[in-house]
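Just so it is clear: chains get the letters A, B, ... in the order the sequence lines come, proteins before strands, and each one is counted from 1.
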Amino acid sequence: MTSTAAAPVRAWLRFDWTMLVWLGLAAVLVFIVVNPLIRLVLASFEVRDGVGYTFDNYLTAYGRPRYVQALVNTLVMGAGVAALCVVFAVPLAWACSRTDMPARGFVRLCVLAAFIMPPYLGAVGWILLAGPNAGWINRAWVAMTGATEPLVNVFSLTGLIVIMACNLFFFVFVFTTSALELVSSEMEDAANILGAGAVRTAFRITLPLIYPAILAGVIVVFLQSLALFGVPALIAIPARYPVVTTQLWQFFESPVRVEVAAAYAIPLLGITIGLLGLQRLLLARKGYVTVSGKGGERRVVRLGAWRWPMFGFAATICLITVFMPLVVQVQAAFSRAWGRGFSLDNLTLENFRFILFEHQMARQSVFNSVTYAAIAALIAILLSLCIAYIVNRKLLRFSGVLAFLCMAPFVIPGIVLAIGFYAAYAPPPLALYGTALILILAFATRALPIAYASNAAGLRAIHPEMEEAVRILGGGRFMAIRRVVAPLLKRSLVGAWVLVFVPTCQELSTAIFLTGPNTRVMSVLLLDLSEEGKLEQLSALGSVLLVITVIIVAIGFRIVGRDFMLRRT
Amino acid sequence: MKRRDVGRVVAGATAAGLVGRTAQARLSADAEKVLYEAARADGEFTWYVAHYSTEYANRYAQAFTAKYPGVKVNVVRATSGVVYQRAMQELKVGTPQVDVLGSADIGHYLEMKNKGQLETFRPANGATLLPRLRDVDPDGQYHVTGFGLMGIIYRKDKVKAEDAPKSWLDLADPRWKNQVALSHPAFSGSVATWVVAMTALHGWSYFEKLEKGKPQIGRSLLDTNTMLKTGERLVGIAYMPQAVQDIAKGEPLGLVYPSDGSVLIVGCSAIVKGARKPAAARLFMEFLQSEAFSRMLADDFQEPTRPEVTSRSGVSLATTKLIEQSAADVLKGGPAARERWRDTFGA
């Protein structure tokens with residue numbers, strides 16, 4: 001009797017340990033990924049201030065031509081951004097990774113800088129540059145030509161697209177670069193031998209081979225652009241170009257219609273899923289295997305006479321995406337009135353004094369941004385590390401589900417996630433609205449995919465045999481992790497943390513719906529400042545944000561080496 | 001800076017002269033002490049405010065803490081629309097973060113009152129405000145804490161005074177194409193009030209004519225001042241006290257009080273129902289209606305709310321043609337105005 005009773009108990013105990021871990025991780029993921037999405041879908045069918053379910057929210061959300069127009073506008077904008085990102089990034093990636101173009105390292109650094117500059121700050125820079133009457137470019141243009149019409153107008157669809165592309169082309173660059181670094185020169189040589197020139201080879205051989213990477217980059221950029229909130233708030237309102245995110249915001253006006261907002265957001269999720277399906281379809285029937293065990297050689301393409309024109313192209317992009325917006329912004333930050341230009345009597349530290357000492361909330365917001373991003377990044381790293389470890393070492397069944405849930409938030413627009421979090425955790429019983437916790441959790445969710453991708457890549461490089469050695473010598477699994485895996489992964493973990501920290505510290509579209517008065521972050525404060533058009537103070541706070549980000553990235557460089565940002569995500 | 005110091009002295013002297021005959025209803029020293037003790041126990045409170053600029057709101061908050069050490073103010077300055085929206089988001093889930101709400105859209109208060117979202121509290125100081133500002137809400141749920149006129153501003157260095165628009169209708173004149181600065185009624189409560197007033201005065205076709213001139217549309221009403229200062233636009237609608245402040249700082253702005261009537265914008269404040277720091281909120285409401293605060297308003301060229309403080313805004317309310325909107329008008333007209341605005345302007 002005793003033995004038959006003990007056996008199931010022992011089996012139960014053995015079974016329970018791993019299952020508990022799985023359940024624990026799954027529970028966390030359900031809490032921060034699945035539940036907000038379910039609540040979003042449920043909310044879209046809820047009757048406002050009532051009980052029961054209805055389809056009316058969808059009729060309201062899409063019942064007005066203007067609301068539908070905003071969705072169409074957004075898709076047009078997203079397509080434009082994606083196209084421009086390809087134009088910016090693909091030649092640049094090729095030039096940086098495969099050619100002898102001058103100053104390649106510097107160009108890479110600029111691409112990184114373009115990514116570090118949050119899109120809403122880029123927008124501020126471009127307002128200073130291309131405001132129709134006051135912008136630097138237009139004033140110069142009018143002064144030089146005597147024209148009455150401005151040369152460029154930032155408050156337009158083009159303006160929106162350029163500003164977004166300036167920040168987002170980083171993704172296409174990274175994806176393309178990592179793919180190019182896997183394409184061996186042998187295939188290009190084959191084309192050359194058969195008589196194709198450099199250009200023909202690039203278009204017929206290299207480009208088709210890296211097409212999946214470009215496509216992945218395009219989809220990421222498209223989805224990211226749909227979800228941006230700050231740039232539309234700054235540009236789309238004066239441009240009279242309503243988009244989905246500004247429309248979603250309107251549903252929170254009086255009276256607050258969370259249900260309608262949820263219904264309006266659902267198609268965004270639909271678009272996301274549709275795009276990923278399309279990607280599968282496009283790539284399904286072709287083979288793109290370029291990496292074989294033999295490892296081809298990758299040689300530098302000599303550009304010859306095209307070296308400097310190529311550099312000119314790269315320099316122009318660096319100028320547009322980083323230097324021009326940055327210079328005018330720094331000028332504004334140190335100006336009494338930015339329009340008065342670069343002169344000594346216009347120079348002041350007043351904006352910084354106001355932001356750092358006079359403003360009641362600014363210092364708090366700097367502190368909040370940094371601590372929330374740091375904690376959220378830590379949570380995302382630890383959680384994704386556990387899951388990546390389990391998946392990589394095949395410790396548990398169904399670990400693929402955990403991996404999928406980790407990656408899922410990558411394609412959920414931040415603003416949609418925020419509405420889901422609001423619907424799920426703002427009301428009682430949890431009543432998390434206005435707490436730091438709801439922001440940190442939402443940030444962690446947003447950060448999870450990049451953290452997971454980074455950790456999974458890091459773990460793949462560590463062979464299990466070292467852990468097995470520990471276990472053979474009598475150490476447990478946790479000792480193996482603590483004494484072997486963790487030390488080996490240290491650099492990779494720091495890199496992943498920085499990679500996640502930077503965008504989280506600048507996050508706006510999730511924060512805007514979840515922030516409370518005591519949990520305001522810099523991005524939200526910047527948006528509030530932008531309402532009054534006080535671009536000098538805004539630029540000063542923006543500079544503080546940039547300096548903090550650059551310091552963190554520089555520390556990351558020191559610890560992990562400069563390439564951590566350019567790892568495939 | 002000097003000019004302001006002179007102003008302070010003048011305002012102070014006037015106030016000192018008045019002390020003798022202002023033994024009317026006010027917050028007594030004893031009541032103040034009791035309230036302050038309770039507020040100190042709260043330690044801090046949160047103020048959502050739309051009707052002062054970021055700069056001034058922060059300065060007033062500092063002045064409050066200087067006067068009442070130990071009571072910190074968390075200032076959230078945004079437009080009336082945004083402030084209201086955040087408050088609604090909080091109230092909807094039953095966790096109000098805001099204690100004192102200050103909006104320039106008086107319709108917001110009526111709506112909140114109708115929904116039972118405001119606390120009844122009558123500041124003792126309120127009884128001696130300027131007569132026309134007393135008891136805007138007969139039930140004592142929201143109170144005037146600032147007011148001013150909305151008019152037209154123009155770039156004095158680029159537009160001659162005789163060429164400047166004289167009336168609201170003039171802004172729609174084709175010669176101001178690409179040069180008009182407006183703000184958005186869904187964000188700015190003042191602009192919402194203005195849109196309701198203009199619809200009543202000139203009909204919606206007025207906005208259709210304005211739209212033909214391709215105005216630039218900001219969010220806060222204060223943004224139009226910025227658009228003019230940077231040279232982005234030449235003429236615009238404006239909150240006049242802000243423009244007077246800018247002129248005092250040397251900005252080349254000209255003021256026009258429109259012949260078809262300046263719109264009276266009343267900024268109110270109220271304590272939100274279920275506020276977590278009620279005592280601090282009450283003390284702050286008293287502060288906002290106090291003489292000391294009115295003096296600060298006057299020093300900043302805003303309209304003081306108390307009779308014993310002299311306005312320095314340079315405009316006489318008695319002789320200026322005014323357009324006044326009741327809370328009911330704004331509440332009734334506001335949502336429709338915002339909706340039509342978006343249809344007409346596409347933003």
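- At a 4.5 Å heavy-atom cutoff, the contact between Val524(A) and chain B is made by side-chain atoms alone.
- Heavy-atom distances place the side chain of Glu149(A), and not its backbone, under 4.5 Å from chain B.
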Please set out all donor-acceptor pairs under 3.5 angstrom arising from side-chain atoms of residues 424-431 of chain A, sequence neighbours excluded.
{"residue": "Tyr425(A)", "atom": "OH", "partner": "Phe31(A)", "partner atom": "O", "Å": "2.5"}
{"residue": "Tyr425(A)", "atom": "OH", "partner": "Asn35(A)", "partner atom": "ND2", "Å": "3.1"}

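- Both the backbone and the side chain of Ser530(A) come within contact range of chain B, with heavy atoms under 4.5 Å apart.
- Interface remark: Phe513(A) contributes backbone and side-chain atoms alike to the contact with chain B (heavy atom separation under 4.5 Å).
- Only the side chain of Leu529(A) comes within contact range of chain B, judged by heavy atoms closer than 4.5 Å.
- Of the listed residues (Gln360(A), Glu532(A), Lys534(A)), the greatest number of heavy-atom pairs within a distance under 4.5 Å of chain B belongs to Glu532(A).
- The backbone N or O of Glu55(B) lies less than 3.5 Å from no partner atom in the side chain of Gln537(A), so there is not a single donor-acceptor pair.
- Looking only at side-chain heavy atoms (C-beta outward), Arg77(B) and Met361(A) stay at 4.5 Å or farther from each other.
- Between the side chain of Glu531(A) and the main chain of Asp223(B), no donor-acceptor pair closer than 3.5 Å is present.
- Heavy atoms closer than 4.5 Å to chain B are found in both the backbone and the side chain of Tyr433(A).
- One finds no salt bridge joining Lys229(B) and Glu536(A) here, because no Lys/Arg side-chain nitrogen approaches an Asp/Glu carboxylate oxygen to under 4.0 Å.
- The closest side-chain heavy-atom distance from Gln97(B) to Thr435(A) is not below 4.5 Å.
- Options Ala134(A), Ala70(A), Ala337(A) differ in how many heavy-atom pairs under 4.5 Å they form with chain B, and the most are formed by Ala134(A).
- Most heavy-atom pairs under 4.5 Å with chain A: of the set Ser183(B), Ser188(B), Ala78(B), this distinction falls to Ala78(B).
- Ala233(A) touches chain B through backbone and side chain together, each having a heavy atom under 4.5 Å away.
- For chain B, the nearby part of Asn518(A) is the side chain; its heavy atoms alone come within less than 4.5 Å.
- The side-chain contact (heavy atoms from CB on, under 4.5 Å) search around Val98(B) returns Tyr48(B), Ala87(B), Glu90(B), Leu101(B), Val272(B), not counting sequence neighbours.
- Tyr422(A) places a side-chain N or O within donor-acceptor distance of the main-chain N or O of Gln89(B), the cut-off being under 3.5 Å.
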